[in-house]
Amino acid sequence: MRIPAAGVGTGPFLTLGLAADGTVEVPSVADADRIGWYDKGVTPGETGPAVLIGHFDTVEGPAVLKDVSRVRVGDEITVTRADGTTAVFRVRELEQADKDAFPTAKVYGDTRGPELRLVTCGGEPADGHRPDDIILYADLTAARAA
């Protein structure tokens, strides 16, 4: 995955499922330099919302999405898929939401075409945790063969 605006170039994706409490897993602190893909949804480039999750920071310091604030509407995100093709997305919206008011339907709900959601933490730390989530919504603009 590449997000030039945020200086991200990482891969392959971690596979994330559901935690014991029913919430979506997040990458471990040891994997803070990688992005995870929520495997109960579609893969990037398929119709529907592909959900990717990465850390902004951890107790050990900055993480893979530390520069997410540099991303703007219109910026490009590219994902190299397991089959070698590349899915190119363009950011359409940025959202900061309180974790207690997470826009679940907007992030995980059905879409007409291939879309990408990239989720990380945000907000000023309180009690050792960031209270918000930063969500990037992006639409597929191109699919390139290997």
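Side-chain atoms are counted along with the backbone in the values below, which use heavy atoms only and exclude waters and symmetry mates.
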**Q** Does the side chain of Leu94 reach to within under 4.5 Å of the side chain of Ile135, using non-hydrogen atoms?
**A** no
**Q** How far apart are the C-alpha atoms of Val71 and Val91, what are their side-chain angles, what is the distance that settles it, and do they pass the side-chain contact (heavy atoms from CB on, under 4.5 Å) test?
**A** CA-CA 8 Å; Val71 176; Val91 176; 3.9 Å; yes
**Q** Find the distance between CG (Leu116) and CG (Leu140) and round it off to the nearest 0.5 Å.
**A** 9.5 Å
**Q** Give me the atom names and distance for the closest heavy-atom approach of Pro44 to Ala87.
**A** O-CB, 4.3 Å
**Q** Evaluate the criterion side-chain contact (heavy atoms from CB on, under 4.5 Å) for residue pair Val79 and Phe89; output intermediate values, then yes/no.
**A** CA-CA 8 Å; Val79 175; Phe89 297 87; 4.2 Å; yes
**Q** Applying side chain to side chain donor-acceptor pair (under 3.5 Å), name anything that partners Asp31, two or more places apart in sequence or on another chain.
**A** Ser28
**Q** Do the non-hydrogen side-chain atoms of Leu118 and Leu65 ever get within less than 4.5 Å of each other?
**A** yes
**Q** Under 4.5 Å between any side-chain heavy atoms of Leu136 and Val68, yes or no?
**A** yes
**Q** Keeping to residues at least two apart or across chains, list the ring pair (Phe, Tyr, Trp, His ring centres under 6.0 Å) pairs with something in residues 92-123.
**A** Tyr38-Tyr108
**Q** Contact between Ile35 and Leu14 at the side-chain level, heavy atoms closer than 4.5 Å - yes or no?
**A** no
**Q** Can you tell me if Trp37 uses its side chain to pair, donor with acceptor, with the backbone of Val42 under 3.5 Å?
**A** yes
**Q** Go through the steps for Met1 and Phe13 under the test side-chain contact (heavy atoms from CB on, under 4.5 Å), then give the verdict.
**A** CA-CA 8 Å; Met1 174 178 192; Phe13 290 131; 3.8 Å; yes
**Q** Whether the Arg2 and Thr78 side chains hold a donor-acceptor pair (N or O, under 3.5 Å, no angle test) is what I'd like checked.
**A** yes
**Q** Taking side chain to side chain contact (heavy atoms under 4.5 Å, CB included) as the test, write out the residues that go with Lys106, two or more places apart.
**A** Glu93, Glu95, Pro103, Tyr137
**Q** Return each pair, listed once, that meets side-chain hydrogen bond (donor to acceptor under 3.5 Å, both in side chains) where at least one residue sits in residues 41-51; pairs must be two or more places apart or across chains.
**A** Thr43-Glu46, Thr43-Arg81
**Q** Which residues pass the side chain to side chain contact (heavy atoms under 4.5 Å, CB included) test with Thr58, not counting sequence neighbours?
**A** Val29, Ala32, His55, Glu60
**Q** Does the side chain of His129 come within less than 4.5 Å of Cys121's, by heavy atoms?
**A** no
**Q** Which atom names give the shortest non-hydrogen contact between Gly36 and Pro27, and what distance separates them?
**A** N-CG, 4.1 Å
**Q** Kindly give the heavy-atom pair with the smallest separation between Gly109 and Pro49, and that separation in Å.
**A** O-CG, 3.2 Å
**Q** Going by the rule side chain to side chain donor-acceptor pair (under 3.5 Å), which residues pair with Asp83 if we only count those two or more places apart in sequence or in a different chain?
**A** Thr85
**Q** Determine yes or no for a side-chain-to-main-chain donor-acceptor pair under 3.5 angstrom, with Arg117 supplying the side chain and Val107 the backbone.
**A** yes
**Q** Out of Ile134, Asp133, Leu52, which residue meets the side-chain contact (heavy atoms from CB on, under 4.5 Å) rule with Thr120?
**A** Ile134
**Q** What pairs with Asp132 under salt bridge (charged side-chain N to carboxylate O under 4.0 Å, His left out), at least two apart in sequence or on another chain?
**A** none
**Q** Enumerate the residue pairs fulfilling side-chain hydrogen bond (donor to acceptor under 3.5 Å, both in side chains) with a member in residues 66-75, sequence neighbours excluded, ordered by first and then second residue.
**A** none
**Q** What residue pairs, at least two apart or across chains, pass salt bridge (charged side-chain N to carboxylate O under 4.0 Å, His left out) with a residue in residues 21-30?
**A** none
**Q** Just to verify, what does Asp139 make a side chain to side chain contact (heavy atoms under 4.5 Å, CB included) with, not counting sequence neighbours?
**A** Arg92, Glu115
**Q** Sequence neighbours excluded, which residues qualify as side chain to side chain contact (heavy atoms under 4.5 Å, CB included) partners of Glu124?
**A** none
**Q** Do Thr23 and Leu18 touch side chain to side chain, with heavy atoms closer than 4.5 Å?
**A** no
**Q** Can you sort out the partners of Asp100 under side chain to side chain donor-acceptor pair (under 3.5 Å), two or more places apart, ordered by chain and number?
**A** none
